[in-house]
Amino acid sequence: MSLVFIANIFFRSSYFLTRLIIISLKFDRMLRTSYPLRPFGAPLSRLCFIPGLKYRHRCKKCRHSCLFDQASQLSTTASNSQHTNSIFRKISVAPMVDVSSPHFLYLLRLIGGPKPQLYTEMYHAKAILSFQQDGKLDFRLGLNNSSPRQIHAGLFAEPPDGSLIHSIRHTIPKNPAEIFGNIEARDNTVVQVGGSDPDSLARATEVLAKQREFSAINLNLGCPSAAVQAGDFGAALMKDVDRVIDCIQAMEASADGRIPVTVKCRLGVDEFDSEEFILNFVDRLSSKTSVTHFIMHARKCLLKGLSPAKNRSIPPLNYGRVHTLAKAFPHLSFTLNGGIRSLEEVQKQFNSNLNGIMLGRKMMDNPSFLIPLIKEFLDPDFTPTPQESIYACYLEYLLSQLERGHRPTILIKPTMYLFPGKQGRDYRTGLMTVPFLKSYHPKKPYSPIVDGNRIRKELVNLGQSLHQPTD
């Protein structure tokens, strides 16, 4: 009798164990074919019932199931790695209104090549659609500009009457690979867009994705200006997480895997500035969309009472909260932005668990600061291009852009802080004495060819005066 009882218990136990395994496998299959909605703050590994079992989540960008392991929680599929590499670099230059023009970014490419990540200034989604409709998209976004290699070639194809540039030109290697390496036009540039209407953002994303000129599209959720607030986007949009999710999902659906979408935001806005708020904000965005890269401006912003400039300085920096985010979401990439102005500060942040550092005003004040950043954190063997060569190549670029119809003052602006210290002060003082600029007026017609060559010669003379030895 006892043997029959034991056998009965054994078979019943086997039956229930088999059912448990089947249920577990079905649950695992569900995880493999759907994007998991994990509890707030819980690591993905806690969703698994069977110890040691690996699980997947659906990557909407690369359209593959990206395998995650309990120990590392890092994707190991080649497609996802390629996707991450295309949108993320350790050092990046922030989007700055009226600064990060296509011409400023061109100058940065001459200085740093393809090493750092560059961001355009913000373009409203409706503005992009308007540019497209008017046939001015290339002109406004700086698409199809001459490449550094083409500009370099132009330096050595110039007729003898341009001999004023010779004293600078002789410092430039005749092989463009020696100066520009393997640079491509936009492989390190992210375009930033703003807006709060999912439909217009989706249509703008479609326009940008077709261009294949940018490595990613970044949604602005951090600008506090009054004009942006009036449009109900930028930092104000952080108060409505559901709307942000709708916008990003519309952009991702329009991109259809051709270009990834990233987010740049603040740590909080007005009274929404607690640690719980930003943790929940990142959690919901990362679980409801395919965004994996967050650029965090390490301050809250105040929409009333502070100008954009004061919002960059008065709200205190809170690097610790960005570190908390990086620890809470180890499967995401976080880039820290705000207040970084020295190599020591960059190194201090990299000693933590952050993935990248973004610099803004420091790059505006001193574009050549890219050189020590690249040598220290990206490529120890990086050989910088002489400033004289950068200046000469940029002047050739300036001439080509004058022919496209860009204003001389806009083109000259990026060179204002190219030279350091006394050289830079002398250059800025010298610009005020350049004859063409003294007589220039935006409404006054000018000849891109005749006046363009005149501008270049005057700027070359100014550049030569900076590099003449002093007794």
Side-chain angles (χ1 to χ4, degrees), residues 86-87 89 92-114 116-151 183-195 197 200-220 223 227-228 231 233-234 247 251 254-255 258-264 295 358 360 363-364 367 394 397-414 448:
S86 68
I87 64 173
R89 302 184 189 217
S92 54
V93 179
M96 294 172 281
V97 65
D98 294 331
V99 176
S100 301
S101 65
H103 319 302
F104 180 71
L105 299 188
Y106 190 92
L107 180 65
L108 294 181
R109 289 188 201 101
L110 291 177
I111 296 171
Q117 192 88 65
L118 308 179
Y119 284 72
T120 70
E121 60 185 332
M122 182 186 68
Y123 298 98
H124 194 281
K126 292 181 179 178
I128 292 174
L129 297 174
S130 177
F131 298 156
Q132 173 75 357
Q133 185 177 1
D134 297 341
K136 295 182 178 180
L137 189 69
D138 289 2
F139 180 84
R140 294 286 188 172
L141 270 65
L143 308 180
N144 302 317
N145 282 345
S146 301
S147 73
R149 292 174 182 272
Q150 291 171 321
I151 295 297
I183 188 172
E184 297 297 335
R186 299 291 183 283
D187 68 338
N188 65 334
T189 305
V190 177
V191 57
Q192 187 181 68
V193 299
D197 174 41
S200 60
L201 283 167
R203 289 189 291 132
T205 299
E206 174 67 21
V207 169
L208 294 170
K210 283 183 178 178
Q211 299 298 319
R212 297 189 181 278
E213 290 272 353
F214 301 102
S215 61
I217 299 176
N218 178 259
L219 180 62
N220 184 316
C223 181
V228 167
F233 65 103
C247 290
M251 293 171 71
S254 182
R258 291 171 294 176
I259 187 169
V261 178
T262 66
V263 165
K264 186 175 187 294
I295 300 97
M358 174 180 280
M363 289 294 103
M364 180 188 73
Y394 187 82
Y397 167 81
L398 179 147
L399 190 61
S400 71
Q401 296 308 298
L402 284 173
E403 294 174 1
R404 295 187 72 183
H406 289 284
R407 287 188 293 165
T409 49
I410 298 297
L411 292 167
I412 292 171
K413 184 179 178 180

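The model shown is predicted, which means the values in this text are computed figures rather than measured ones.
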Enquirer: Using the test salt bridge (charged side-chain N to carboxylate O under 4.0 Å, His left out), find all partners of Glu121 that sit at least two apart in sequence or belong to another chain.
Expert: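 By the salt bridge (charged side-chain N to carboxylate O under 4.0 Å, His left out) rule, Glu121 matches no residue at all.
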Enquirer: Is there a donor-acceptor contact under 3.5 Å from the side chain of Asn188 to the main chain of Leu118?
Expert: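 The answer is no, because no donor-acceptor pair under 3.5 Å joins these two groups.
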Enquirer: Considering non-hydrogen atoms only, spot the tightest contact between Met122 and Val193 and give its length.
Expert: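 Here Met122 and Val193 meet closest at CG-C, 3.9 Å.
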Enquirer: Where the side chain of Ser215 meets the backbone of Thr189, is there a donor-acceptor pair that is under 3.5 Å apart?
Expert: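 Judged by distance alone, yes, a pair lies under 3.5 Å.
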Enquirer: Checking Arg89 side chain against Pro114 main chain: does a donor-acceptor pair fall under 3.5 Å?
Expert: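 Side chain of Arg89 to backbone of Pro114: a pair is present.
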Enquirer: Kindly write out the residues that satisfy ring-ring contact (aromatic ring centres under 6.0 Å, His included) with Phe104, not counting sequence neighbours, or none if the list is empty.
Expert: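 For Phe104, no residue satisfies ring-ring contact (aromatic ring centres under 6.0 Å, His included) once neighbours in sequence are set aside.
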Enquirer: Of all heavy-atom pairs between Leu108 and Pro367, which one has the smallest distance, and what is that distance?
Expert: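 Shortest heavy-atom contact: CD2-CB, 3.9 Å.
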Enquirer: So if I apply the side-chain contact (heavy atoms from CB on, under 4.5 Å) rule between Cys247 and each of Val261, Thr205, Leu201, which one comes out positive?
Expert: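 Result: among Val261, Thr205, Leu201, Leu201 is the only option passing the side-chain contact (heavy atoms from CB on, under 4.5 Å) with Cys247.
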Enquirer: Given 3.5 Å as the limit, does a donor-acceptor pair link the side chain of Tyr394 with the main chain of Leu411, or not?
Expert: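 Side chain of Tyr394 to backbone of Leu411: a pair is present.
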Enquirer: What are the two closest non-hydrogen atoms of Val207 and Gln132, and how far apart are they?
Expert: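 Reported closest heavy-atom pair: CG1-OE1, 3.8 Å.
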Enquirer: Check for a donor-acceptor pair, side chain of Ser254 on one end and backbone N or O of Met251 on the other, with a separation under 3.5 Å.
Expert: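 Between the backbone of Met251 and the side chain of Ser254 there is no qualifying donor-acceptor contact (under 3.5 Å).
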Enquirer: Does any N or O in the side chain of Lys413 come within less than 3.5 Å of the main-chain N or O of His103, such that one atom is a donor and the other an acceptor?
Expert: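 Looks like no, no N/O pair under 3.5 Å.
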Enquirer: So Asn220 and Val228, do their side chains get closer than 4.5 Å, heavy atoms only?
Expert: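 Contact flag for Val228/Asn220 side chains = no.
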Enquirer: Mind checking side chain to side chain contact (heavy atoms under 4.5 Å, CB included) for Ser200 and listing every partner two or more places apart, or none if nothing turns up?
Expert: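 Here the qualifying residues are Ala125, Lys126, Leu129, Asp197, Arg203.
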Enquirer: Report the C-alpha distance between Tyr397 and Leu110 in whole Å, list the side-chain angles of each, state the deciding distance to 0.1 Å, and finish with yes or no for side-chain contact (heavy atoms from CB on, under 4.5 Å).
Expert: CA-CA 11 Å; Tyr397 167 81; Leu110 291 177; 5.9 Å; no
Enquirer: Please report the interatomic distance CE(Met96) to CG(Asp98), rounded to the nearest 0.5 Å.
Expert: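 Answer rounded to 0.5 Å: 11.0 Å.
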Enquirer: If you compare all heavy atoms of Ser100 against all heavy atoms of Ala94, which two are closest, and at what distance to 0.1 Å?
Expert: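 Of all heavy-atom pairs spanning Ser100 and Ala94, the closest is OG-O, 3.3 Å.
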Enquirer: So, using side chain to side chain contact (heavy atoms under 4.5 Å, CB included) as the criterion, who are the partners of Asn218 when residues are at least two apart?
Expert: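 Residues passing side chain to side chain contact (heavy atoms under 4.5 Å, CB included) with Asn218: Tyr119, Val190, Gln192, Thr262, Lys264, Ile295.
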Enquirer: Do you know which two heavy atoms are closest between Tyr123 and Arg140, and how far apart they sit?
Expert: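 Taking every non-hydrogen atom into account, OH-O, 3.5 Å.
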Enquirer: Verify side-chain contact (heavy atoms from CB on, under 4.5 Å) between Tyr106 and Leu398, making sure each step is shown before the conclusion.
Expert: CA-CA 10 Å; Tyr106 190 92; Leu398 179 147; over 6 Å; no
Enquirer: Please assess Thr120 against Leu141 for the test side-chain contact (heavy atoms from CB on, under 4.5 Å), listing each intermediate value before the final yes or no.
Expert: CA-CA 8 Å; Thr120 70; Leu141 270 65; over 6 Å; no
Enquirer: Applying ring-ring contact (aromatic ring centres under 6.0 Å, His included), name anything that partners Phe131, two or more places apart in sequence or on another chain.
Expert: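 Per chain and number, Phe131 pairs via ring-ring contact (aromatic ring centres under 6.0 Å, His included) with no residue.
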Enquirer: Mind checking whether Asp138 and Arg404 have side chains closer than 4.5 Å, heavy atoms only?
Expert: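 Yes, close enough: below the 4.5 Å cut-off.
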Enquirer: To the nearest 0.5 Å, what is the distance between CD on Gln211 and CD1 on Ile128?
Expert: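 If we round to the nearest 0.5 Å, Gln211:CD and Ile128:CD1 are 10.0 Å apart.
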Enquirer: Decide yes or no for Gln117 and Met358: does some side-chain heavy atom of the first lie under 4.5 Å from some side-chain heavy atom of the second?
Expert: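 SC-SC contact between Gln117 and Met358 ruled out.
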Enquirer: Are His124 and Phe233 side-chain neighbours, meaning at least one heavy-atom pair lies under 4.5 Å?
Expert: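 Of all side-chain heavy-atom pairs linking Phe233 with His124, at least one is under 4.5 Å.
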Enquirer: Restricting to salt bridge (charged side-chain N to carboxylate O under 4.0 Å, His left out), what partner residues turn up for Lys136, sequence neighbours left out?
Expert: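 With neighbours one apart ignored, the set is empty.
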Enquirer: Just say parallel, tilted or perpendicular for the rings of Phe139 and His406, cut-offs at 30° and 60°.
Expert: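 If you compare the ring of Phe139 with that of His406, the planes turn out parallel.
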